Number of protein chains: 2
Amino acid sequence: MSGAPRNPADDDSAGRSIWTRPQRGARGPAPTRSRDEIVAAAVALADADGLSAVSMRAVAGALGMAAGSLYRHLSSRDDLLDLMVDRCVGELRPYPADGGSWQDQFLLLARRQLALYRRHRWLPDAIARRTVPGPNTLAHFDACLRLLQPVRAGVAAKFEAIAMVTGVVSLFARSAAAAGTVTFDHVDLAAYPHLAAAFAEPPSAPPAGDLFERTLRSLLTGLLAADPA
Amino acid sequence: MSGAPRNPADDDSAGRSIWTRPQRGARGPAPTRSRDEIVAAAVALADADGLSAVSMRAVAGALGMAAGSLYRHLSSRDDLLDLMVDRCVGELRPYPADGGSWQDQFLLLARRQLALYRRHRWLPDAIARRTVPGPNTLAHFDACLRLLQPVRAGVAAKFEAIAMVTGVVSLFARSAAAAGTVTFDHVDLAAYPHLAAAFAEPPSAPPAGDLFERTLRSLLTGLLAADPA
DNA sequence: TGTAAACTGCAAACAGCGTTCGCGGTTTTG
DNA sequence: CAAAACCGCGAACGCTGTTTGCAGTTTACA
């Protein structure tokens with residue numbers, strides 16, 4: 001009976017998520033690598049070669065340990081991705097606190113988010129996975145709500161707006177990364193007259209001005225400022 | 001030499017992509033299943049159980065064939081996903097042709113796109129992969145450019161706008177699918193006062209009016225209407 | 001203080017994945 | 001009629017996330 005060895009990392013009884021789980025047990029030998037070291041190594045791998053390079057074996061190998069040993073610290077690869085996301089979201093701190101209208105402040109935060117997504121190009125994809133919010137993600141949400149305090153709108157509308165802004169920021173991050181990537185080369189455009197005409201035109205410069213700012217401002221006013229509530 | 005058997009599906013010499021490749025060879029026996037049947041089976045699997053359910057073995061199994069046999073028709077799983085995307089994008093036809101301002105028409109198309117993304121919830125993810133545009137995708141682009149013809153803006157700006165609208169549509173599709181999914185349950189909100197206050201408030205109704213329409217309209221005017229070019 | 005429980009790390013294994021390869025049988029071409 | 005091209009198959013390869021039994025180490029409790 002009870003021959004099954006128990007793994008504290010799998011302990012669902014006291015908090016199912018990675019955020020409520022002790023980083024190490026209280027009884028055994030000290031782990032050779034901390035949770036932070038593991039997450040840092042995984043982030044480094046993702047920064048270098050993308051999310052797909054973050055395999056359990058690769059992360060373990062980068063730390064000089066066996067793949068299975070990671071499961072003493074995490075209960076799944078998803079846990080690792082959640083930790084990676086939250087670690088990077090932490091780079092948004094400290095949050096803007098004073099100066100300017102709420103729109104200006106929100107825009108500043110969005111800019112920092114854009115820079116973050118460009119620093120870690122895998123982040124949007126990792127966030128797109130339905131993820132359990134960690135402390136830094138919660139803090140970010142909290143900061144957003146604080147900035148939106150002067151706005152007269154319902155909570156649901158504010159959440160919608162935050163999600164939408166985050167989404168648009170990741171769209172910008174993606175489009176910048178793939179600006180010239182979408183290739184229509186080697187395609188017969190005969191059947192697509194407007195597409196053909198567009199390419200026949202001399203290549204126009206990308207839209208002038210700060211597209212990012214204009215887009216987000218119009219989005220925010222559209223979502224919140226004109227809200228009838 | 002030349003003992004290596006050649007696979008016409010891999011023929012990179014005459015068109016590297018799936019779009020320029022003959023559906024079947026001209027010499028051997030007739031394939032038991034057509035390319036359309038394969039793609040249809042894959043779409044059915046994705047509709048039922050998500051993109052991850054579309055494994056070569058599963059698709060082959062659904063058609064009563066061996067996994068390796070699929071490589072007579074496709075050169076990779078990515079090819080299959082490209083075909084799936086283009087097949088579904090084809091459901092957008094016919095494109096709006098008359099009636100209303102360009103904004104109204106564009107919005108109508110966006111609505112159809114939203115419905116499409118909800119019919120096939122895996123589509124945004126499949127499109128997010130950098131994909132080689134197929135005929136239906138090209139036709140969709142062409143239709144967008146046609147609708148934007150009255151707009152005085154550069155080609156680059158128009159492409160940006162199309163990409164952004166497509167992205168926002170997929171954001172809406174995703175947020176609708178995960179409306180109540182984001183759970184802050186079992187989280188100690190003590191450290192996040194604004195988040196706690198937001199949840200203490202009586203749950204406000206989701207933002208009134210047509211959020212989709214308002215968002216896209218403000219996005220379009222922000223991106224295109226006010227363009228100095 | 002001694003013993004039992006808890007914890008760590010490892011090597012090996014499992015099932016599933018995308019993909020490749022060689023084979024026998026079928027169809028078309030010259 | 002022979003040769004080339006093509007189809008489908010089953011077995012394999014290397015990779016993935018994850019599980020499991022084992023040996024060694026540390027802590028807690030009687």
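Just so we're on the same page: letters track the sequence lines, and every chain starts at 1. Just so we're clear, the structure is a prediction, and the values are computed from it rather than from any experiment. Both backbone and side-chain heavy atoms feed into the values below; hydrogens, waters and symmetry mates do not.
- The side-chain contact (heavy atoms from CB on, under 4.5 Å) search around A:D188 returns A:A190, not counting sequence neighbours.
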N/O-N/O pairs, protein side and nucleotides 28-30 of chain C side, under 3.5 Å:
unit_1, atom_1, unit_2, atom_2, d
C:dT28, O4', B:R27, O, 3.2

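- Rounded to the nearest 0.5 angstrom, B:H73 NE2 and B:L70 CG are separated by 7.0 Å.
- With sequence neighbours excluded, the residues forming a salt bridge (Lys or Arg N to Asp or Glu O under 4.0 Å) with B:R119 are B:E91, listed by chain and number.
- Between B:H73 and the phosphate of D:dC7, there is no side-chain N or O to OP1/OP2 separation shorter than 4.0 Å.
- Counting only residues at least two apart or in different chains, side chain to side chain donor-acceptor pair (under 3.5 Å) contacts with residues 38-56 of chain B comprise B:D47-B:H120, B:D47-B:W122.
- Rounded to whole Å, the distance from OH on A:Y71 to P on C:dA11 is 17 Å.
- Listed by first and then second residue, the salt bridge (charged side-chain N to carboxylate O under 4.0 Å, His left out) pairs that reach into residues 23-35 of chain A are A:R33-A:E37, sequence neighbours excluded.
- Less than 4.0 Å separates DNA chain C from at least one heavy atom of each of the following residues of residues 49-58 of chain B: B:V54, B:S55, B:M56, B:R57.
- If B:A30 and B:R77 are placed on DNA chain C by their nearest nucleotide, the residue sitting closer to the 5' end is B:R77.
- Phosphate contact (OP1/OP2 of D:dG8, side-chain N/O of B:R72, threshold under 4.0 Å): absent.
- For B:S69, no side-chain nitrogen or oxygen approaches OP1 or OP2 of D:dC7 to under 4.0 Å.
- Considering only residues two or more places apart in sequence or on other chains, B:R129 meets the salt bridge (Lys or Arg N to Asp or Glu O under 4.0 Å) condition with B:D78, B:D82.
- When the salt bridge (Lys or Arg N to Asp or Glu O under 4.0 Å) test is applied to A:D142, no partner is found at least two apart in sequence or on another chain.
- Within the model, atoms CZ of A:R174 and CZ of A:R121 stand 12.5 Å from one another, a figure rounded to the nearest 0.5 Å.
- In this structure, the CG atom of A:L70 is 10 Å from the P atom of D:dG17, given to the nearest Å.
- Look at CG on B:L74: it is 15 Å from C1' on C:dT20, rounded to the nearest Å.
- The distance between atom CZ of A:R21 and atom P of C:dC7, rounded to the nearest whole Å, is 13 Å.
- Rounded to an integer number of Å, the gap from B:M65 CE to D:dC6 C1' is 13 Å.
- Qualifying side-chain contact (heavy atoms from CB on, under 4.5 Å) partners for B:P135, counting only residues two or more places apart in sequence or in other chains: A:Y192, B:W19, B:D86.
- Protein atom CG of A:D78 is 14 Å distant from nucleotide atom C1' of D:dT16, rounded to whole Å.
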